[in-house]
Colleague: 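Below is a structure I'd like to ask you about.
A quick note: this is a predicted structure, and the numbers were derived from the prediction, not measured. Just so you know, residue 1 is the first one in the sequence shown, and it goes up from there.
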Amino acid sequence: MTSAELARAFVGLSALAFAASLAHPRGRQGLAAASVPIAGISTAAALALLTRPMLPAAACAALVSAAALALWGRTLWRLPDLRDFETARRETELSERRFREALSRSNISVFAQDTDLRYTWVYNPRVGVAGEALLGRRAGEVVAPDLLDEADALKLKAIEAGQMVNDTVALHTTGDGRLYFDMTVAPTFDAAGRVDGILCSAFDVTEMRLFEVRLTAMAAQLAAAYQRFELALDNSPITVFEQGADLRYTFVYNPPPGLATGDFLDRTDADIFSERDARRLAGPKERVLASGGRESVEVEVDVEGSLRYYELTVEAKRDSAGAVVGLVGTTLDLTERRRDEQRIRLMLRELTHRSKNLLAVIQAMARKTASLSGDLDSFVSDFSLRLRAIAAAHDLLVSQSWHGADLRDLLVASLGPTIEAHSPQVTLRGEPTMLTPDAAQNLGLAFHELATNASKYGALSVPGGHLHVDWMRLPGEVQILWSESGGPAVAQPERQGFGRVLLERLVGVTLGGSVRLDFRPEGLVCQIRFADGGMTSPPDPALETAHPS
């Protein structure tokens, strides 16, 4: 094959490769990439022909074609590498775009500063200034320098230590006021390994900080409310509780006397109370779970061997979707109220009984006083004084809730209308003796008659007279000795007056004892004896305080 034929063959091959390249995308990329080198080779061949006219044209053409073909082939060979580079470039641009879009919608600022703390790159600044305006400037040129102490100190710490640091710092802005940032500062290094700046990310936690402040305030309010709740319920007759859908207790505050919170938690009423009481409690609770409403009932429950009365109120507890998930309830302890009501009913029955007896005594006293009175005025006077004596005894009984009356107090009240009980003319001696209401009423009448007689005819009718009243408790009975001395001479009365009849026939009989009158010349002596059934024990001070009359 001649050189001309060889040249024509290379030219044809090059033309065929060129056409194939134009028909394929990768070939077009190869031609585009090799166009400049091919043009250079062609120019070099043309110069060779001009400078070496003896070189055959066919050889030059073949040389150019061979070089172009080799260069084009190598370019095609490298196209995968070029394609990977292009793909990586596009992915990098896409990642950067996504990064910027993500930051633009977030409360995160990212920036770089040199060791003089001048900004070299800023993205998404949150200080009211555009990022371009910050480049080459310090933060102190944008915001008040005195509010940058925390941030600058953190940055300098990272530069000096050459390590990443993190902290929450405060920053004041003109538009948004005081902001709080969670700042992370990492040092950057040059080729020699020296710190040449910092890379910072600042996460705006202002809303979180404000939420924490609000949360703290709400917690304080909740604590204050709970403290008021505790103060209101402590030592009160109210119990508050919660139960789940299975009626197991999940919360109990201020449990009933004799029980503790631990006795209820994770247990049902059947685990705590008797079967009968558990059924009583389960009824309203199951109805509330079924209806989702509210119910109040009064129940009687045996708590640690003591029968107690409660007003039970239960209401459905719902979740966020409105479904019934349990119940909330309260119990109001009505035990003391019920006992007070029982005592009041008992006292009313006793009062009715005593009123009937008293009316009978007053009626008999009125008839006897009228039969022994010479005229209406004397009847009214004597009868009124005796009614006052009864009233004085009743006042003592009322002050002790009708429990009884002390013997000394009864004597003082009976002597009061005639003489001061603490007068030198009067001596009262005896141990504390609590009389029953019946004994107090009858002895009150007896002491009134004796005091009235002493003030009119006996020892208390003259300044030098003296009255001694002594009482003592003997086996099975009580003895009272009324002795008068220093008064006018006493003679045996010619007729029986109302006072004597009352003492000998009424008081002695009603007390289950006896009354003996001895009219001695030096003074009257009256001995009253009655069974110890006329005495009672002193009232419990705690009960008197808790249930005053």
Side-chain angles (χ1 to χ4, degrees), residues 350-351 353-373 378-400 402 404-419 421 426 428 430 433-458 460 467 469 471 477-484 493 496-517 524-531 533-536:
E350 183 70 14
L351 181 60
H353 170 70
R354 295 184 184 282
S355 297
K356 291 179 179 178
N357 291 341
L358 181 61
L359 288 174
V361 170
I362 292 174
Q363 186 179 23
M365 185 174 64
R367 285 198 303 266
K368 194 64 176 177
T369 303
S371 66
L372 298 175
S373 298
S378 62
F379 166 77
V380 170
S381 176
D382 293 342
F383 187 69
S384 297
L385 289 174
R386 286 163 182 152
L387 285 179
R388 290 178 187 173
I390 294 176
H394 273 240
D395 288 341
L396 283 176
L397 293 172
V398 170
S399 68
Q400 297 293 329
W402 278 88
D406 183 73
L407 179 56
R408 177 182 290 274
D409 293 339
L410 185 62
L411 281 166
V412 170
S414 301
L415 291 170
T418 58
I419 191 171
V426 178
L428 305 178
T433 302
M434 181 64 66
L435 303 171
T436 64
D438 284 338
Q441 290 185 85
N442 287 287
L443 285 174
L445 286 173
F447 294 152
H448 166 73
E449 295 300 326
L450 290 170
T452 301
N453 182 76
S455 64
K456 288 183 176 181
Y457 314 109
L460 300 183
L467 170 64
V469 182
W471 63 94
E477 66 175 12
V478 178
Q479 177 178 293
I480 304 172
L481 189 62
W482 178 290
S483 302
E484 299 179 25
Q496 285 189 338
F498 176 78
R500 185 173 181 179
V501 172
L502 184 144
L503 286 169
E504 292 180 338
R505 298 182 184 179
L506 178 63
V507 174
V509 174
T510 55
L511 289 177
S514 63
V515 176
R516 186 168 64 84
L517 294 173
L524 174 66
V525 175
C526 177
Q527 184 186 64
I528 303 175
R529 303 168 71 99
F530 60 92
M535 295 186 299
T536 184

Colleague: Which atom pair, heavy atoms only, marks the closest approach of G534 to A439?
Modeller: O-CB, 3.5 Å

Colleague: Ignoring hydrogens, what is the shortest heavy-atom contact between G430 and W471? Give both atom names and the distance.
Modeller: CA-CE2, 3.3 Å

Colleague: Roughly how far, to the nearest 0.5 Å, is the CE atom of M434 from the CG atom of L410?
Modeller: 11.0 Å

Colleague: To the nearest 0.5 Å, how far apart are CG in L443 and CD1 in I480?
Modeller: 5.0 Å

Colleague: Measuring from atom CD1 of I419 to atom CG of L460, what distance do you get when rounded to the nearest 0.5 angstrom?
Modeller: 5.0 Å

Colleague: Mind checking the CZ-CG spacing from R408 to L435? Nearest 0.5 Å is all I need.
Modeller: 13.0 Å

Colleague: Just list the side-chain donor-acceptor pairs under 3.5 Å for residues 450-458, sequence neighbours left out, or say none.
Modeller:
from : atom 1 : to   : atom 2 : distance (Å)
T452 : OG1    : H448 : O      : 2.8
S455 : OG     : A451 : O      : 3.2
S455 : OG     : T452 : O      : 2.9

Colleague: As an exercise, state the distance from CG of L467 to CH2 of W482, rounded to the nearest 0.5 Å.
Modeller: 4.5 Å

